[in-house]
Amino acid sequence: MRVRLILGWLLVLSLLAVIGYAQEPAARSLSLTDALVIARRNNPDFLQTLNDRWTASRQLTSATANLLTPSVDVSGSAYASQAGERSFFGQSISIPGVRQTSYSLGLNYRLAGSIFANRGLSRAQLHATDADIAGAQTLLETSVRQQYLNVLQAQAQEALARRALERAQENLALAQARLSVGQGTLIDVRRAEVEKGQAEVGVLRAQQTVVNQSLVLFQRLGVPAPEPVRVQLTDSFPVVEPRFTIDTLMALALAENPGLRALRAREGAARWGVRSANSQYLPSMSVSAGVGRTSTRVDTTGATWQGQKNPWSLSLAVSLPLYDGFQRSVERSRAKAQEDDVRQAIRARELQVRAEVTAALHSLTLAYRTIAVQDRNKAASSEALELATQRYRVGSGTYIELLDARVAAERAEAEYVTAVYDYHKSIAALENAVGRPLR
C-alpha cells in the first residue's frame, strides 16, 4: 500500500513538472539577417533619417516645376454700395446703388539663371540625402552586428559560469567524500561550499548580463523585448585567418565608406550652391498673360447689368541686377566658404578612414593570434585541473592546489572566449571602417 502511494505521488509530481515545462515560454529565435531586417523597419533613429528624403524629393519636384511651368493666379472680387443721397453745395444728389463682381486669370513665367541653378542644387541635395540615408543604414547595421556579438558573448560567458558551478559542485562532493572516509578536513568542505556559493552568484550575474545585452539588442532593433527576456541567436561565426591586404581594404574604404560618400555628395551640393550664388548676377526674363471679366449692376429705376469682358494682356520684361548693397557678393562668398569647408571635411574624413582601416586590420591580426595562444592556455589549464583533481582524490594533493587549478582553468576559458569575440568585434570594426560587410 505504501509503495503504491509513493508511486502515485511520483506520477503526480512528474505530470506537474511536464505541464510546467510545457507552459514555459520558448526563447525567441533570431538570426542576424532577421535582426537587420527588423532594425531597418523599426529603428526610430533610422526612420527619422528616412523622412528627410520626402522633403528633399519635394524640393526637386518644386524646382523642376518652376523651370518648366508658369505660375497660375486666379483672383476675384465683389463690391457693393447702397443707393442714397448726398449734399453738394446745398444741392441734394441721388446716388444709385452699385454692385460689381469681377474675376481674372493670370499666367506668369519667369526664366532666370537662379532657377536653373536651384534645380541643380535640389537634385544635388537629394543625392546627398540619399547618401546620408545609406550612411545611417550602414551605421545601424554595424551597431546591430556588434550588439548581436555582445549577446552571443554574454551567453557564452553564462555557459562558462554554469560550467564553473558544475565544477564547484563536483569539488564539494569530492571534499565531502574525502571527509566521510577520514582523508579530508571540514575546512576543505567549508571552502568548497563557499566556492559553490560564489559560483552560484556568478551564474546569476552572467544571466543578468545576458538580459541586459538582450535588452540593448531589442532597443537597437526598435521593438520591445519579449517578456521574459529570452532570445536564441541562431547565427554563429567561424574563426578564420584574415587574408585581407591593406591596399585592397584601403581602396575599398575610400570608395565605399558611407561617411566619405555622404561628404562627397555634400560637396556636389556645395558646388551647386556656388553656381546658384553666381546666377544672381545674370539677367532674368518674365512673361505674363492675363484675362478676366467684370459685371456691374446699377440700382436705378431701370436697373441693369453691364457686363464687360476685360481684354487679354501680355507682357514681356527683362531685368538686369546692378547694385544690391553687395548682398550677392556676400552670398557668393558664403557659398564658396561652405564648398571649401566640405572639401576640407572630406580630406579629414579620408585621413580618419585610413587610420581606422589600418588600426582595425592590425587589431584583427592580433586578435587572431591571441586566439591561438589562449587556446593553448586553455588546454594546458584544463589538463592541470584534471591532474590536480586526481591528486586530491587519491590524497596526494591539497584542496588549495585543486582550487588554484580550477580558478586558473576558469580564467583561461574566460580569456579564450574573450579572445574569440574580440576577433569577431575586430572584424565588425574593420567592416565599419570600410563601409561594407567583409564576410
Side-chain angles (χ1 to χ4, degrees), residues 51-79 100-134 260-294 308-347 349:
N51 290 336
D52 296 339
R53 195 184 192 282
W54 190 90
T55 301
S57 177
R58 298 288 80 78
Q59 287 179 347
L60 178 58
T61 302
S62 176
T64 303
N66 290 336
L67 179 63
L68 301 178
T69 59
S71 61
V72 181
D73 296 322
V74 177
S75 62
S77 63
Y79 170 78
Q100 186 180 68
T101 59
S102 64
Y103 64 88
S104 64
L105 174 66
L107 302 177
N108 182 60
Y109 179 73
R110 182 173 178 270
L111 187 62
S114 60
I115 297 179
F116 286 97
N118 288 338
R119 183 177 183 274
L121 177 61
S122 299
R123 185 170 59 246
Q125 289 176 341
L126 177 60
H127 179 62
T129 301
D130 289 336
D132 290 339
I133 292 173
L260 267 177
R261 296 180 64 179
L263 284 174
R264 287 167 183 156
R266 291 295 173 189
E267 183 185 19
R271 282 197 299 267
W272 274 104
V274 174
R275 295 173 185 174
S276 178
N278 291 333
S279 67
Q280 298 180 14
Y281 290 90
L282 300 177
S284 62
M285 180 185 67
S286 62
V287 179
S288 300
V291 66
R293 183 179 181 85
T294 302
Q308 179 182 357
K309 182 179 180 181
N310 296 338
W312 60 270
S313 62
L314 179 65
S315 64
L316 175 65
V318 177
S319 63
L320 177 64
L322 295 178
Y323 178 74
D324 62 351
F326 300 104
Q327 185 62 35
R328 290 172 298 176
S329 177
V330 172
E331 294 294 333
R332 184 171 179 269
S333 299
R334 182 182 293 111
K336 281 187 169 293
Q338 290 178 351
E339 183 184 20
D340 187 66
D341 289 345
V342 176
R343 190 178 297 114
Q344 297 302 327
I346 291 175
R347 288 186 62 251
R349 182 60 180 167

Task: Stepwise side-chain contact (heavy atoms from CB on, under 4.5 Å) check, L126 with R123 - done: CA-CA 5 Å; L126 177 60; R123 185 170 59 246; 5.7 Å; no
Is it true that a side-chain atom of [X] and a backbone atom of [Y] form a donor plus acceptor pair closer than 3.5 Å?
{"X": "S276", "Y": "W272", "value": "no"}
{"X": "S71", "Y": "N108", "value": "yes"}
{"X": "T69", "Y": "A65", "value": "yes"}

Beyond-backbone contact of [X] with [Y], side-chain heavy atoms, under 4.5 angstrom:
{"X": "R266", "Y": "D132", "value": "yes"}
{"X": "R343", "Y": "E339", "value": "yes"}
{"X": "N278", "Y": "R332", "value": "yes"}
{"X": "R110", "Y": "S284", "value": "yes"}
{"X": "I346", "Y": "R349", "value": "no"}

Open item on the list: Could you measure the distance from the CG atom of D341 to the CG atom of L263? Nearest 0.5 Å is fine.
Closed with: 11.5 Å
Task: Distance, nearest 0.5 Å, that separates CG of L260 from CD of E267 - done: 11.0 Å
Looking only at non-hydrogen atoms, find the nearest pair between [X] and [Y] and report the distance.
{"X": "R119", "Y": "L60", "result": "O-CD1, 3.9 Å"}
{"X": "A131", "Y": "R261", "result": "CB-O, 4.0 Å"}
{"X": "S122", "Y": "A63", "result": "OG-CB, 3.7 Å"}
{"X": "M285", "Y": "V318", "result": "CG-CG2, 4.0 Å"}
{"X": "A124", "Y": "A269", "result": "CB-CA, 3.5 Å"}
{"X": "Y281", "Y": "L320", "result": "O-CD1, 4.1 Å"}

TODO: Sequence neighbours left out, what passes side chain to side chain contact (heavy atoms under 4.5 Å, CB included) with L105? Give chain and number order.
DONE: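 Expected list: V72, V74, V291.
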TODO: Could you walk me through whether E331 and R334 pass salt bridge (Lys or Arg N to Asp or Glu O under 4.0 Å), step by step?
DONE: CA-CA 5 Å; E331 294 294 333; R334 182 182 293 111; 3.1 Å; yes
